[in-house]
Amino acid sequence: MDRFEVSFKNKAVRIWFYTVFPAFILAIISIIILPNEQNKYVSLGLSLVVIIYYIWFIFYIKKQRK
């Protein structure tokens, strides 16, 4: 298995910090502020962001290996 460099030189780490990390912070703030009935939409949005990131990551890794 290849080593994974956790630094901002790595494009996957940069994209994660630009997309997923702010989404987590917004989700936490939204869960605190919004009523309990709206929490399922926040969770759905956060799940979509994470899923889209991992789909991008899979294509990125496949593209690098070519």
Side-chain angles (χ1 to χ4, degrees):
M1 183 172 191
D2 295 331
R3 293 182 60 188
F4 188 81
E5 182 182 349
V6 183
S7 71
F8 278 100
K9 293 178 185 177
N10 188 342
K11 185 176 180 180
V13 173
R14 281 195 318 257
I15 298 297
W16 188 89
F17 271 101
Y18 295 153
T19 57
V20 178
F21 187 67
F24 277 127
I25 293 173
L26 285 174
I28 291 170
I29 292 171
S30 298
I31 287 172
I32 292 171
I33 293 174
L34 293 174
N36 286 338
E37 296 83 26
Q38 303 298 321
N39 287 347
K40 60 183 173 185
Y41 300 119
V42 174
S43 299
L44 177 66
L46 182 59
S47 299
L48 287 175
V49 169
V50 172
I51 290 169
I52 290 171
Y53 169 77
Y54 281 114
I55 290 171
W56 170 83
F57 184 70
I58 290 169
F59 285 121
Y60 175 72
I61 293 297
K62 286 183 180 181
K63 182 179 159 187
Q64 273 190 335
R65 290 185 181 171
K66 283 186 177 182

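The figures here come from the full heavy-atom set of this structure, side chains too, leaving out hydrogens, waters and symmetry mates. Along the sequence shown, the residues carry numbers beginning at 1.
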List in chain and number order the residues that pass side-chain contact (heavy atoms from CB on, under 4.5 Å) with Lys40, two or more places apart in sequence or in another chain; answer none if no residue qualifies.
none
Considering only distance and modelled atom types, tabulate donor-acceptor pairs under 3.5 Å from the side chains of residues 19-35, sequence neighbours left out.
from, atom 1, to, atom 2, distance (Å)
Thr19, OG1, Ile15, O, 2.7
Ser30, OG, Leu26, O, 2.7

For the CD1 atom of Ile55 and the CD1 atom of Ile51, what is their distance to the nearest 0.5 Å?
7.0 Å
Between Arg14 and Lys9 the two heavy atoms that sit nearest each other are NH1-O, 3.5 Å
Please enumerate all residues that pass side chain to side chain donor-acceptor pair (under 3.5 Å) together with Tyr60, with sequence neighbours excluded.
Gln64
Determine whether Val49 and Tyr41 fall in the same hydrophobic cluster, where Ile, Leu, Val, Met, Phe, Trp and Tyr are linked whenever their side-chain heavy atoms lie under 4.5 Å apart.
no
Answer with yes or no whether the hydrophobic clustering places Ile61 together with Val50; edges join I, L, V, M, F, W, Y residues whose side-chain heavy atoms lie under 4.5 Å apart.
yes
Would Trp16 and Phe57 satisfy side chain to side chain contact (heavy atoms under 4.5 Å, CB included), going step by step from the backbone distance to the final call?
CA-CA 9 Å; Trp16 188 89; Phe57 184 70; over 6 Å; no
Would Trp56 and Leu48 show up in the same hydrophobic cluster when neighbours are defined by side-chain heavy atoms closer than 4.5 Å?
no
